[in-house]
Amino acid sequence: MTPLQFLELAKLLPEPMVLVTVAAQFLSANPPFLEILDIKKETLDGKSLFEFTASPHDKISQYLQNCAKTRQMLIGSIDLRHADGQITGYRCDGALVQPRSQESPALILLRLKQKESASSRFTSLTQKVNELNKEIAERKRTEIALKESEKRFRQLADAMPQMVWTARPDGYPDYFNRRWDEFTGFSQGEYAGLNWEKILHPEDVNRYSDTWYGAVETGSAYEIEYRFRDYRTADYRWFLGRAEPVHDEAGRIVKWFGTCTDINEQKLAVIERDKLLQKEHEARQIAENANRLKDEFLATVSHELRTPLNAILGWASIAQSSGIDSAAMKRALEIIVRSARSQNQIIEDILDVSRIITGKLILNIGSVELISVIDAALDSIRPALEAKKIRLKTDFDRDAELISGDSNRLQQIVWNLLSNAAKFTPPEGEIAVLLKRAGNYAEVSFCDSGAGISPDFLPFIFDRFTQADGSTTRQYGGLGLGLAITRHLVELHGGSIYAHSEGVGCGSIFTIKLPLAAMQGGTAESLLRSRGTKSQETLGIPKTALSGIKVLVVDDESDARELFKVILAQYGAEVVTAESAEEALENLSLSLPHVLVSDIGMPGSDGYELIRRVRNYPPAGNLYAVALTAYARKEDRERALSEGFNDYLSKPVEASELIKIVARLNRRG
């Protein structure tokens, strides 16, 4: 190494370094060496190390000769005299960098360190080593204590009824207690491959993942309700999962501690309570809606009844006044009659609804030509159509003409649908009535180009007391009963009705389907077994079937008593009627009948009270009793029989069924 090469290398190093010969002659020195002596580089030219040292020269010479003899680093010491005369001791590391040769002397590299600095560093190092040893010992004691603590924790966790678990800071589970293993069927060695989808309810998997890893990411407390599958029963149970992070002194999360508590019974109770609350809320909504509809209906009834009444009273007052001419009197009478008929129709609709609700609407069934019924309804509605210049189209299929039904009620059905179409069709609009055969049914469609029906209202179009516009500013009058009555009448005939509309302003189509009459030998006979009264010709029972049988009929409705009396008497029965339980008991004490036919719902003492008193009256203890009621539920029938009745018929009563029940008694006698 040349002095120049040494200088290029050594000038980058922070420690004082110098290159000398064995004779201590300076060859080169780096800047830190020049700084500690406070001299310039030129000062060293031609000088030796002896000139700058306070150490004995022979000691330095011997040290340099020892360095030249070995390639190992040799440690020595040297005292340097600074320019200001101050002497500083240094530790010296010497090494041979170029052996002696014939051409050049041996070169020795010396690296200097202050003795105080080296001693201080050594002392500091010793202290650090001691501190490290203490820390290692403390850590060993901590690890032992931690293992003991973890052992006690696991023993405690295994004894707890809850599922207990721990997880690493990244959320990966590393421990579950025995309760977890018993419930899930997983063993301690299976946590690494734990598949939550196997134990969590499918609906809870994503919610669990979002909640847990959200807590891990934010370091916040974790809480969730989820369902685990019990591997022993394959059933799912609700658990409350909670976890808290544990932090070190620096605030870093070092562990997660969590529990899963069985809350299945409480959760199911809450779910059931919520269902009950929901049902109660729905029931309240229904009741409130029904109450609102009732209020709207009563307001509408008041309006619809007062409107024609206003015309009647007004024109009656005009007719009573003096000075009215014959033309005005004629007009007054026409308006009064028309208004009275309108009011009568409103009342009839309300009564029909009442009969439907109470099950007292009776049909007089016979063979009916449907085209004649439609023509009659068209004749009654034609003036209204002509007044609005509404075009009428008809298309009738004669193969669908003959049905079984009540001609008056069928005409009411057709009239309701026609008047409904006429009311909602604008002037110069169009109405079409189509009759065709559809299998074993006659299908009648009423098509109009009127206001149409909104999709929201269409499902409720046949409900009682409902109108698309129930406000005081509504354009069309009416009680909202016509279509509801029509639906019930159609269903009583064994048919069906449905409505179709593309929306508001797109017109509407109402279609009814009624069973056709069967054709046997060219004679039409009814296939319909309706809930109404059948004609005598269709019963197939001899006129003398009830001869010799005395029947006591009890009903608070005079029309019902008269109806049953006529039906039974036509087949030879001797019929006595009573309008109350008290009157019936009086009749029993005077003359004992063969059969008791009693309504259930009566004021004062009802049918149940009557039959109990009859069974406690010894002469009538075995009297054959038939219950009549508008209540048609299974429990109503069971109660009637358990109270003491022998048979049960729901209203409206089919005459054939009543006659057959009474006739069976005659056959038994």
Side-chain angles (χ1 to χ4, degrees), residues 274-305 307 345-346 349-350 352-354 356-357 381 384 388 390 412-434 438 443-492 495-514:
D274 291 343
K275 288 182 179 178
L276 292 175
L277 289 176
Q278 180 63 26
K279 288 181 180 179
E280 188 274 337
H281 176 72
E282 292 174 355
R284 188 187 307 116
Q285 290 291 106
I286 292 173
E288 290 175 354
N289 186 57
N291 192 56
R292 179 183 58 79
L293 291 176
K294 179 200 69 175
D295 292 342
E296 291 179 358
F297 172 69
L298 292 177
T300 303
V301 168
S302 175
H303 174 271
E304 294 298 320
L305 289 176
T307 299
Q345 183 60 52
I346 293 172
D349 284 348
I350 296 174
D352 276 345
V353 170
S354 177
I356 290 170
I357 293 174
I381 202 71
K388 295 176 69 174
I390 295 175
Q412 182 180 356
I413 291 170
V414 176
W415 185 88
N416 278 347
L417 293 174
L418 280 172
S419 62
N420 190 69
K423 179 168 65 173
F424 290 99
T425 300
E428 299 184 359
E430 182 176 289
I431 294 176
V433 182
L434 311 175
E443 186 175 277
V444 188
S445 297
F446 301 83
C447 313
D448 66 69
S449 59
I453 308 168
S454 69
D456 293 337
F457 185 68
L458 192 59
F460 311 102
I461 193 69
F462 295 110
D463 290 353
R464 290 192 299 268
F465 312 138
T466 57
Q467 293 178 311
D469 181 8
S471 66
T472 57
T473 59
R474 60 196 178 121
Q475 182 178 357
Y476 307 101
L479 297 179
L481 295 178
L483 291 178
I485 294 171
T486 300
R487 183 193 66 180
H488 283 286
L489 291 176
V490 169
E491 290 175 351
L492 283 176
S496 60
I497 182 171
Y498 53 91
H500 173 76
S501 177
E502 295 296 331
V504 176
C506 299
S508 58
I509 302 174
F510 287 83
T511 303
I512 59 174
K513 293 179 69 175
L514 298 167

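No experiment lies behind these values; they were computed from the predicted model shown.
We find the CZ-CG distance between Arg487 and Leu492 to be 10.5 Å, quoted to the nearest 0.5 Å. To the nearest 0.5 Å, atoms CD (Gln285) and CD (Glu280) are separated by 9.5 Å.
Every residue two or more places apart in sequence or in another chain that forms a side-chain contact (heavy atoms from CB on, under 4.5 Å) with Leu458 is listed here: Ile453, Ala499. With sequence neighbours left out, the side chain to side chain donor-acceptor pair (under 3.5 Å) criterion links Gln278 to Glu282. With sequence neighbours excluded, the residues forming a side-chain contact (heavy atoms from CB on, under 4.5 Å) with Leu277 are Arg273, Asp274, listed by chain and number. Remark: Glu502 pairs with no residue by the salt bridge (Lys or Arg N to Asp or Glu O under 4.0 Å) rule, at least two apart or across chains. Residues satisfying the side chain to side chain donor-acceptor pair (under 3.5 Å) test with Thr511, not counting sequence neighbours, are Ser445. Residues satisfying the side-chain contact (heavy atoms from CB on, under 4.5 Å) test with Lys275, not counting sequence neighbours, are Ile271, Glu272.
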Q | From CA spacing to verdict: side-chain contact (heavy atoms from CB on, under 4.5 Å), Ile461, Phe510 | A | CA-CA 11 Å; Ile461 193 69; Phe510 287 83; 4.2 Å; yes

Q | Test side-chain contact (heavy atoms from CB on, under 4.5 Å) applied to Ile413 and Ile512, step by step | A | CA-CA 9 Å; Ile413 291 170; Ile512 59 174; 4.0 Å; yes

(Q) Would Ile431 and Phe446 count as a side-chain contact (heavy atoms from CB on, under 4.5 Å) here? Give the steps. (A) CA-CA 7 Å; Ile431 294 176; Phe446 301 83; 5.7 Å; no

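Here the shortest heavy-atom pairing between Lys513 and Val490 reads O-CG1, 4.3 Å. Minimum interatomic distance between Leu483 and Phe462 (heavy atoms only, all atoms of both residues): O-CD2, 3.6 Å. Here the shortest heavy-atom pairing between Ile390 and Ala422 reads CD1-O, 4.0 Å. Residue Ser449 comes nearest to Pro426 through the heavy atom pair O-CD, 3.8 Å, listed as atom of the first residue, atom of the second, then distance.
A distance-only check finds no donor-acceptor pair linking the side chain of Ser508 to the backbone of His500 [under 3.5 Å].
Within the 4.5 Å cutoff, the side chain of Leu417 has no heavy atoms near those of the Val444 side chain.
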